[in-house]
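Basis for what follows: all heavy atoms, side chains included, without hydrogens, waters or symmetry-related copies.
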Amino acid sequence: AVVSTQSTGKKKAQLVVIAHDVDPIELVVWMPALCRKMNIPYCIVKGKARLGQVVHKKTAAVLAITSVKAEDKNALNNLVSSVTTNYNDRFDEIRKTWGGGK
């Protein structure tokens with residue numbers, strides 16, 4: 001999470017991916033708030049083992065994508081657009097319905 005904090009704090013991250021099964025959760029519970037504050041798209045995905053595969057480790061709690069190869073920029077832009085539309089832009093709506101709050 002140190003690299004993610006540095007990348008997010010300096011606004012270098014283009015996308016932050018957070019695993020849902022981090023234990024203890026306190027390691028990443030503050031990441032969405034930081035991403036919203038810095039206006040960096042983020043998403044929560046199933047499985048720290050899946051994130052670990054991306055970085056060739058057993059597990060990873062958070063992945064901050066800072067740059068990609070030129071041929072992958074379009075795919076990253078599509079992913080960022082999808083995450084922003086379906087998750088980040090709907091934060092208030094999701095927050096109000098989760099847990100039954102109105």
Side-chain angles (χ1 to χ4, degrees):
V2 174
V3 174
S4 294
T5 304
Q6 292 172 351
S7 298
T8 304
K10 294 178 182 175
K11 192 121 170 65
K12 290 183 180 179
Q14 296 179 34
L15 176 66
V16 173
V17 184
I18 305 167
H20 87 289
D21 58 347
V22 177
D23 186 38
I25 193 67
E26 288 81 6
L27 293 174
V28 295
V29 74
W30 49 270
M31 283 298 289
L34 178 62
C35 290
R36 281 193 305 276
K37 179 180 177 185
M38 301 298 291
N39 200 26
I40 296 172
Y42 71 94
C43 61
I44 299 171
V45 297
K46 186 173 183 176
K48 59 187 177 186
R50 283 182 171 175
L51 282 186
Q53 288 176 343
V54 174
V55 293
H56 307 291
K57 301 285 182 190
K58 185 176 178 183
T59 61
V62 179
L63 175 66
I65 299 174
T66 56
S67 64
V68 294
K69 294 179 183 176
E71 59 267 19
D72 295 327
K73 283 193 185 283
N74 192 33
L76 177 62
N77 290 338
N78 290 340
L79 183 60
V80 166
S81 176
S82 177
V83 164
T84 302
T85 302
N86 295 319
Y87 195 78
N88 300 143
D89 289 347
R90 295 180 53 220
F91 171 73
D92 288 328
E93 175 187 340
I94 293 168
R95 183 182 62 174
K96 289 176 184 173
T97 58
W98 186 76
K102 302 211 187 262

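Closest heavy-atom contact between Ala19 and Ala60: CB-O, 3.8 Å. For the residue pair Val80 and Pro41, the shortest heavy atom distance occurs at CG1-CG, 3.6 Å. Across all non-hydrogen atoms, the minimal contact from Ala61 to Leu51 is O-CD1, 3.7 Å. For Lys48 against Asp21, the heavy-atom pair with the smallest separation is N-OD1, 2.8 Å.
Take Thr85 and apply the side chain to side chain donor-acceptor pair (under 3.5 Å) test, not counting sequence neighbours, and it matches no residue.
Rounded to the nearest 0.5 Å, atoms NE2 (His20) and CD1 (Ile25) are 9.0 Å apart. With rounding to the nearest 0.5 angstrom, the CG atom of Asn86 is 11.0 Å from the SG atom of Cys43. Taking CG of Leu15 as the start and OG1 of Thr66 as the end, the distance is 11.0 Å to the nearest 0.5 Å. Between the CD1 atom of Ile65 and the CD1 atom of Ile40 there is a distance of 12.0 Å, given to the nearest 0.5 Å.
Remark: of the listed residues Val45, Leu63, Ile44, Ile44 is the sole one forming a side chain to side chain contact (heavy atoms under 4.5 Å, CB included) with Ile18.
Ser81 places no side-chain N or O within donor-acceptor distance of the main-chain N or O of Asn77, the cut-off being under 3.5 Å.
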